[in-house]
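Please read the structure below before turning to the comments.
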Amino acid sequence: MYLQLDQKTEDRIVEHFQKGDRLILTFEDGVGPYSQHAMIHMMVQFTVGIISADMPLDLYDKQMDSPLGPIYYKSESEDYLEEKMSLKFKEATSSYVLSSDSGMIDESVNFINFKDKKIAKKKRTFHIPCITVGKSFFMQISLLRG
């Protein structure tokens, strides 16, 4: 699997990237420490993130290639990904578009730098089992303490 990045996307990621950091592509299913919310709006949603070498990759059991090196992702997201994809910066919304030869995957991908440990320490996460038609999953609810 390969994710091509346009030059603007590469530049914006490299601004935050340091030696030893890792890139992750998170399917927002509510599972794991880097998923911000579950798909309660029933749309496919991804985020691109940077984590440091000492941060866990527990659920990120797969990787794809990119111009910046490996990008780790959860195997559960493979249903939505394709062999060749691209991530392009969208100036109007300061977000990114994830697409493939088959079309749009997510037109509003956000970027998160998870190395900001102040945010990570304030976040408390709870997992709630949920059932949808034909699938069960865990919804993650995150609370930020001020």
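Counting begins at 1 with the first residue of the sequence. From a predicted model like this one, the values you see are computed outputs, not experimental measurements.
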Kindly determine whether Ile51 and Asn113 satisfy side-chain contact (heavy atoms from CB on, under 4.5 Å), including the steps that lead there.
CA-CA 7 Å; Ile51 60 173; Asn113 184 350; over 6 Å; no
Determine whether Val48 and Leu87 satisfy the following criterion, side-chain contact (heavy atoms from CB on, under 4.5 Å), listing intermediate values before the conclusion.
CA-CA 10 Å; Val48 172; Leu87 190 66; 3.6 Å; yes
Run Lys115 and Ile50 through side-chain contact (heavy atoms from CB on, under 4.5 Å) and show every step you take.
CA-CA 7 Å; Lys115 297 182 301 179; Ile50 294 179; 3.8 Å; yes
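Residues Leu68 and Val14 approach most closely at CD2-CG2, 3.8 Å, considering heavy atoms. The shortest non-hydrogen separation linking Pro67 to Gln4 is CG-NE2, 3.8 Å. Taking every heavy atom of both residues into account, Phe89 and Thr9 meet most closely at N-OG1, 3.0 Å.
Scored by the side-chain hydrogen bond (donor to acceptor under 3.5 Å, both in side chains) test, Lys74 finds Asp29 as partners (sequence neighbours excluded). With sequence neighbours excluded, no residue forms a salt bridge (Lys or Arg N to Asp or Glu O under 4.0 Å) with Asp106. Under the side-chain contact (heavy atoms from CB on, under 4.5 Å) criterion, Ser100 pairs with Glu82, Met85, Ser102, Ile105, sequence neighbours left out. For Asn110, the side-chain hydrogen bond (donor to acceptor under 3.5 Å, both in side chains) criterion is met by no residue, not counting sequence neighbours. Listed by chain and number, the residues in a side-chain hydrogen bond (donor to acceptor under 3.5 Å, both in side chains) with Glu76 amount to none (sequence neighbours excluded).
With hydrogens and angles left out, the side-chain atoms of Asp21 and Ser52 include no donor and acceptor closer than 3.5 Å. No side-chain donor from either of Ser108 and Tyr96 sits under 3.5 Å from a side-chain acceptor of the other.
Residue pairs meeting the salt bridge (charged side-chain N to carboxylate O under 4.0 Å, His left out) criterion with at least one member in residues 2-17, sequence neighbours excluded, do not occur.
You'll find the ring centres of Tyr73 and Phe27 outside the 6.0 Å limit.
Asp101 and Lys84 are not joined by a salt bridge, as no carboxylate oxygen comes within less than 4.0 angstrom of a charged side-chain nitrogen.
Note on Tyr2: it does not cluster hydrophobically with Tyr72, by side-chain heavy-atom contacts below 4.5 Å among ILVMFWY residues. Hydrophobic clustering (ILVMFWY, side-chain heavy atoms < 4.5 Å, transitive): Leu3 and Val97 are in distinct clusters.
In this structure, Arg22 contributes its side chain and Ile71 its backbone to no donor-acceptor pair below 3.5 Å.
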